[in-house]
Amino acid sequence: MDTPLDNEALNIAAWHLREARRVVVFTGAGVSAESGIPTFRDDGGFWTEFPPEIYATWKGILRAAAKEPRRLAAFVHAVIAPIAAAEPNAGHHAIAEIGRHKPVTVITQNIDRLHQLAGSTRVLEIHGSMYEVVSLNGQKTKRTLTQSQLKRIAERLRRAKYGALSLARLLVAIRPIAGIGVTGAHRPNLVLFGDSLAEPDWSDALKAAKECDCLLTVGTSGLVLPAALIPAYAKDAGANVTTIDPGEGGGDIWLRGTAGDVLPRLVERAFE
Ligand code: OAD
């Protein structure tokens with residue numbers, strides 16, 4: 001973790017970034033870790049407390065709601081509260097800065113909207129967004145939430161976690177994001193295990209990966225398919241691939257370190 005950043009590797013990655021005509025930045029939970037949002041699979045990650053066998057499918061979540069409303073309130077709170085409180089970190093800002101020099105497509109697996117808040121303009125959210133509420137079948141956007149609305153829901157859930165919580169009270173607490181209203185049932189626009197990826201974002205992401213000549217992959221374990229194929233598609237189409245991650249190498253160049261530390265240095269070196 002404390003290995004110094006390889007200066008030569010940084011120079012080469014910066015050269016590729018500077019020379020690129022089209023850039024893709026592919027991000028996972030690690031890019032938001034320094035904004036206070038836990039990753040999934042690192043020590044103490046999200047799936048440690050909430051096993052994906054239960055919490056990564058809609059069926060599992062519904063079963064948990066009926067059986068253990070208080071535990072489900074804790075789960076929804078654990079998802080929403082860090083996102084509601086988060087601000088973009090230096091890594092998100094550096095990615096937005098690349099967009100001031102080059103055409104950039106950000107392909108993110110994250111649902112936290114932090115790339116947009118940092119100023120990135122073309123962001124493809126292939127696993128959906130915590131800020132969008134859609135019809136039950138995911139076909140229609142019902143409404144877009146604000147960060148303060150998410151904060152209010154998180155606060156209600158925090159209180160619910162400690163009180164005597166019935167399923168009915170839980171349903172009231174989460175009604176703005178999930179439930180049944182006068183216009184039918186609604187849920188957050190999230191891609192869970194077994195779901196198709198969000199469209200048109202996924203098709204656009206594949207196209208962008210195949211057309212870019214430089215891809216930065218940031219803060220992802222690369223374990224979840226099909227999203228994890230994005231760097232390989234870019235590589236096969238001839239792009240240079242640089243990985244920025246403290247724990248996971250791969251691609252042509254590995255800049256070992258955190259997004260908030262490495263990305264500003266890379267961007268400064270490329271465009272100074
Ligand atoms: P993971 O938790 O699997 O991986 C996080 C990655 O971020 C690891 O490679 C860490 O080494 C790295 N990391 C940790 N801190 C970092 C930092 N400060 N800067 C940069 N990198 C850091 O998260 P994802 O790869 O995003 O999908 O997970 C992919 C998908 O699995 C998620 O979108 C979610 C999950 O199940 C669904 O739920 C569909």
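Owing to the predicted nature of the structure, the values given are computational and were not obtained by experimental measurement. Note that ligands are numbered from 1 as they come in the structure, with each ligand's atoms numbered from 1 the same way.
Side chain of Asp252 to main chain of Val241: a donor-acceptor pair is present (N/O by atom type, distance under 3.5 Å, no hydrogens or angles).
Among all non-hydrogen protein atoms, the one lying nearest atom 25 (O) of ligand 1 is Thr220 OG1, 2.6 Å. What sits closest to atom 29 (C) of ligand 1 on the protein, heavy atoms only, is Gln109 OE1, 3.3 Å. Considering only non-hydrogen protein atoms, atom 14 (C) of ligand 1 sits nearest to Asp42 OD2, 3.3 Å. The closest protein non-hydrogen atom to atom 28 (O) of ligand 1 is Arg41 NH1, 3.2 Å. Protein heavy atom at the shortest distance from atom 9 (O) of ligand 1 is Asp245 OD2, 2.8 Å. In terms of protein heavy-atom proximity, atom 3 (O) of ligand 1 is closest to Ser221 OG, 2.5 Å. Scanning the protein heavy atoms around atom 19 (N) of ligand 1, the nearest turns out to be Ala259 N, 2.9 Å. What sits closest to atom 26 (O) of ligand 1 on the protein, heavy atoms only, is Ala29 N, 2.7 Å.
At least one N or O atom of Trp47 sits closer than 3.5 Å to an N or O atom of ligand 1. Considering both main-chain and side-chain atoms, Val218 never comes within under 3.5 Å of ligand 1 through any nitrogen or oxygen pair. By the 3.5 Å distance cut-off applied to N or O atoms, Glu34 is counted among the residues near ligand 1. For the pair Val31 and ligand 1, the shortest N or O to N or O distance does not fall below 3.5 Å. Considering backbone and side-chain atoms alike, Gly30 places an N or O below 3.5 Å from some N or O of ligand 1. Of the polar atoms of Val224, none of the N or O atoms is found under 3.5 Å from an N or O of ligand 1, judged by distance alone.
Relative ring orientation between Phe40 and Trp47 is described as tilted, the plane-to-plane angle lying within the 30° to 60° band.
Atom-to-atom distance recorded for Ile80:CD1 and Gln149:CD is 11.5 Å, nearest 0.5 angstrom.
Atoms of ligand 1 found under 4.0 Å from any heavy atom of Phe193 (numbered from 1 in listed order, with element): 36 (O), 37 (C), 38 (O), 39 (C). For ligand 1, the atoms lying closer than 4.0 Å to a non-hydrogen atom of Glu248 are 9 (O). Of all atoms in ligand 1, listed by their number and element, those nearer than 4.0 Å to a heavy atom of Gly28 are 26 (O). For ligand 1, the atoms closer than 4.0 angstrom to any heavy atom of Gly247 are 11 (O).
At a 4.0 Å heavy-atom cut-off, ligand 1 touches Val191 through the backbone alone.
The shortest side-chain heavy-atom distance between Ile177 and Met130 falls under the 4.5 Å cut-off. Residues Asp245 and Thr220 are not in side-chain contact: their nearest non-hydrogen atoms beyond the backbone lie 4.5 Å or more apart.
In the model, His115 has a side-chain atom that pairs as donor or acceptor with a side-chain atom of Thr27 under 3.5 Å. Looking at Asn89 and Glu34, their side chains never bring a donor and an acceptor atom within 3.5 Å of each other.
Atom CD of Glu19 sits in a crowded spot, with more than 12 heavy atoms from other residues, nucleotides or ligands closer than 6.0 Å. Counting heavy atoms of neighbouring residues, nucleotides and ligands inside a 6.0 Å radius, atom CZ of Arg100 exceeds 12 of them. No more than 12 heavy atoms of other residues, nucleotides or ligands lie within 6.0 Å of CZ in Arg175, so this atom counts as exposed by the packing criterion.
Using a 4.0 Å cut-off between charged nitrogen and carboxylate oxygen, Glu155 and Arg158 count as a salt-bridge pair.
Hydrophobic cluster membership differs between Val106 and Phe26, with clusters built from Ile, Leu, Val, Met, Phe, Trp and Tyr side chains linked at under 4.5 angstrom.
With atom 5 (C) of ligand 1 as the reference point, the heavy atom nearest to it among Gly257, Gly219, Pro246 is part of Gly219.
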